[in-house]
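Could you have a look at this structure, given as structure tokens, before my questions?
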Amino acid sequence: MDPRTELRDFLRSRRAAIQPCGTVGVRHSGRRRVPGLRREEVAELAGVSPDYYLRLEQGRNTTVSVPVLNAVARVLRLTDVERAHLIRLARPADDRVPLELPERVMPGLHDMLSRIGGTPAYVVGRATGVLAWNTRAAEVFTDFARIPESERNMARIMFLTPLGAEMFPDWTAKAISVVSYLRMSRAYYPDDRELRALVAELEEKSPEFRRLRDLQRVDEKTHGRYRISGRGGPDFTLAYRGLRLPEAPRQTLIVYFPETEAPDRLHPPGARPRGG
């Protein structure tokens, strides 16, 4: 996930997703060797020269303006999250966040997690490390305290161990979310050695990570739902909300809660608290 490679692959994937025949301003489709819009068509629709857009897609245009990026985003029909991601990749110096290593759990966060009550909650850091959790999260997911700190990482759990599939029966949905989270973090922190090393290890060891990485999915972890393993009993579904911590912008508090299930379904049948 080199920033320039990331920018190139992101723009190429979004160009390929646009159907030229339904795009206003594309004069003729002709015979096409690749799907989607051509570079010169994106350039024309965005109001820039083909060379200018080529240098942008190759990561060689470090002075591209935000209005031009907004125009490209409009042509490629990007969501607000994808548009912000494009700007961050193309203009990394604009909002490069200073690193604080290692990541710290904010004061009072452990106490807040314990007081949340009868719902699972945990905090993930910029590299998907599980930094803090409450007892209910240890019940429903796994006893994170038993995982060595260096391995207590949601990306490692999902792609390098069987535990991810054991926790999340719909493994692909959760795995895509983890890859998207890593992608957003890399755009925020292009100089983070820990992130670079983690992504390189996943690319080397996990074909599934490489496959999902190539989808170029970009999305903020704000809300959704997952099916959770009942660990010997029936599976159940929990919704979640992801709350960004203002003191640490790429740390996210994830709180799970039932939607249609009764509250006692938060406990998989036969489960017992295991600490955390």
Original post:
Just wondering, are more than 12 heavy atoms of other shown residues or ligands nearer than 6.0 Å to CZ in R225?
Top reply: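 At most 12 heavy atoms, drawn from other residues, nucleotides or ligands, come within 6.0 Å of this atom.
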
**OP:** Examine distances only and state if a side-chain atom of S229 and a backbone atom of M167 form a donor-acceptor pair shorter than 3.5 Å.
**Re:**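 No: the side chain of S229 does not pair with the backbone of M167.
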
Original post:
With hydrophobic residues grouped by side-chain heavy-atom distances under 4.5 Å, do L163 and L182 end up in a single group?
Top reply: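 Per the 4.5 Å side-chain linkage, L163 and L182 are co-clustered.
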
**OP:** Under the side chain to side chain contact (heavy atoms under 4.5 Å, CB included) rule, what do F209 and L160 come out as? Steps first, then yes or no, please.
**Re:** CA-CA 10 Å; F209 178 83; L160 302 181; over 6 Å; no

Original post:
Could you walk me through whether V48 and V42 pass the side chain to side chain contact (heavy atoms under 4.5 Å, CB included) check?
Top reply: CA-CA 9 Å; V48 298; V42 176; over 6 Å; no

Original post:
Are Y122 and L113 side-chain neighbours, meaning at least one heavy-atom pair lies under 4.5 Å?
Top reply: no

Original post:
Considering all heavy atoms of both residues, which atom of S185 and which atom of R126 are nearest to each other, and what is their separation?
Top reply: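 That would be OG-O, 2.8 Å.
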
**OP:** Examine W171 and M154 and state if one hydrophobic cluster contains both, with Ile, Leu, Val, Met, Phe, Trp and Tyr joined whenever side-chain heavy atoms are less than 4.5 Å apart.
**Re:** yes

**OP:** Establish, from distance only, whether the side-chain atoms of R244 and T252 form a donor-acceptor pair under 3.5 Å.
**Re:** yes

**OP:** Classify the ring geometry between F168 and Y226 as parallel (under 30°), tilted (30 to 60°) or perpendicular (over 60°).
**Re:** perpendicular

Original post:
Between R231 and E166, does at least one N-O distance fall below 4.0 Å, as a salt bridge requires?
Top reply: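 No, no charged N to carboxylate O under 4.0 Å.
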
Original post:
Which pair of non-hydrogen atoms, one from V105 and one from A132, has the smallest distance, and what is that distance?
Top reply: CG1-CB, 4.3 Å

Original post:
Do V255 and L131 belong together in a cluster built from hydrophobic side chains that touch within less than 4.5 Å?
Top reply: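 Same cluster.
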
Subject >> Main-chain N/O of V64 paired to R91 side chain as donor or acceptor, under 3.5 Å >> reply: yes

Subject >> Side-chain (N153) to main-chain (R156) donor-acceptor, under 3.5 angstrom >> reply: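 A pair under 3.5 Å: yes.
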
**OP:** Evaluate the side-chain proximity of L86 to L7: yes if any heavy-atom separation is below 4.5 Å, no if none is.
**Re:** yes

Original post:
Of the non-hydrogen atoms in L37 and E41, which two are nearest, and what is the gap between them?
Top reply: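 Nearest pair, atom of L37 first, then E41: CA-OE1, 3.5 Å.
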
**OP:** Please examine the side chains of V130 and V123, heavy atoms only from C-beta on, and report whether any two atoms are closer than 4.5 Å.
**Re:** no

Original post:
Has E149 got more than 12 heavy atoms of other residues, nucleotides or ligands less than 6.0 Å from its CD?
Top reply: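 For E149, atom CD is not crowded (no more than 12 foreign heavy atoms under 6.0 Å).
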
Original post:
For R186 and E6, what are the C-alpha separation, side-chain angles and deciding distance, and is it a salt bridge (Lys or Arg N to Asp or Glu O under 4.0 Å)?
Top reply: CA-CA 9 Å; R186 285 285 286 123; E6 183 77 358; over 6 Å; no

Subject >> side chain to side chain contact (heavy atoms under 4.5 Å, CB included) between R213 and V199, worked out >> reply: CA-CA 10 Å; R213 173 207 62 191; V199 169; 5.9 Å; no

Original post:
Do I254 and Y188 belong to the same hydrophobic cluster, where Ile, Leu, Val, Met, Phe, Trp and Tyr are linked whenever their side-chain heavy atoms lie under 4.5 Å apart, directly or via other members?
Top reply: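 Yes, I254 and Y188 fall within the same hydrophobic cluster.
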
Original post:
Charged N to carboxylate O below 4.0 Å: is that the case for D111 and R115?
Top reply: yes

Original post:
Hey, does the side chain of T128 reach the backbone of A155 with a donor-acceptor pair shorter than 3.5 angstrom?
Top reply: yes

Original post:
Are the side chain of R210 and the backbone of E203 linked by a donor-acceptor contact shorter than 3.5 Å?
Top reply: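 Side chain of R210 to backbone of E203: a pair is present.
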
**OP:** Supply the atom-to-atom distance L11 CG to Q58 CD, rounded to the nearest 0.5 angstrom.
**Re:** 11.0 Å

**OP:** Might you point out which heavy atoms bring E151 and I157 nearest each other, and give the distance in Å?
**Re:**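 Shortest heavy-atom separation between E151 and I157 comes out as O-CG1, 4.3 Å.
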
Subject >> M158 vs V179 side-chain heavy atoms within contact, under 4.5 Å >> reply: no

**OP:** Check for a donor-acceptor pair, side chain of W133 on one end and backbone N or O of H110 on the other, with a separation under 3.5 Å.
**Re:**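 No, W133 side chain to H110 backbone: no donor-acceptor pair under 3.5 Å.
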
**OP:** Would you sort out whether R15 and E57 count as a salt bridge (Lys or Arg N to Asp or Glu O under 4.0 Å), showing the intermediate values?
**Re:** CA-CA 11 Å; R15 278 199 294 112; E57 191 167 289; 2.9 Å; yes

**OP:** May I ask you to say whether D51 pairs ionically with R55, meaning some side-chain N is under 4.0 Å from a carboxylate O?
**Re:**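 Answer for the salt bridge query: yes.
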
Original post:
Hey, what do you get for CZ (F141) to CD1 (I228), rounding to the nearest 0.5 Å?
Top reply: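 Rounded to the nearest 0.5 Å, the CZ-CD1 separation comes out at 4.5 Å.
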
**OP:** Can you measure from CG (L76) to CZ (R12) and round to the nearest 0.5 angstrom?
**Re:** 13.5 Å

Subject >> Flag, side chain of S180 to backbone of I176, donor-acceptor distance under 3.5 Å >> reply: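 Between the backbone of I176 and the side chain of S180 there is no qualifying donor-acceptor contact (under 3.5 Å).
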
Original post:
So which heavy atom on A46 is nearest to which on V75, and how close?
Top reply: N-CG2, 3.8 Å

Original post:
Would I18 and L56 show up in the same hydrophobic cluster when neighbours are defined by side-chain heavy atoms closer than 4.5 Å?
Top reply: yes

Original post:
Are any of the side-chain nitrogens in R77 or E82 under 4.0 Å away from the carboxylate oxygens of its partner?
Top reply: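 The answer is no: the pair does not qualify as a salt bridge.
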
Subject >> Approximate separation, where rounding is to 0.5 Å, of L243 CG and Q251 CD >> reply: 13.0 Å

**OP:** Examine R39 relative to Y53 and say whether NZ or CZ is less than 6.0 Å from the centre of the six-membered ring and inside a 45° cone about the ring axis.
**Re:**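 Not satisfied by the 6.0 Å and 45° rule.
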
Original post:
Between E139 and R136, is there a salt bridge with N-O shorter than 4.0 Å?
Top reply: yes

**OP:** Please report the shortest heavy-atom distance between A43 and S49, naming the atom on each side.
**Re:** CB-O, 3.7 Å

Original post:
Counting only N and O atoms by type, is there a donor-acceptor contact under 3.5 Å from the side chain of R152 to the main-chain atoms of I147?
Top reply: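 Yes, because the side chain of R152 sits within donor-acceptor range (under 3.5 Å) of the backbone of I147.
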
**OP:** Examine the side chains of N134 and S114 and answer whether a donor and an acceptor come within less than 3.5 Å of each other.
**Re:** no

**OP:** Step by step, work out the side chain to side chain contact (heavy atoms under 4.5 Å, CB included) result for H85 and M184.
**Re:** CA-CA 7 Å; H85 183 65; M184 299 287 282; 3.8 Å; yes

**OP:** Indicate, with yes or no, if the rings of Y240 and H223 have centres closer together than 6.0 Å.
**Re:**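 When the ring centroids of Y240 and H223 are compared, they turn out to be at least 6.0 Å apart.
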
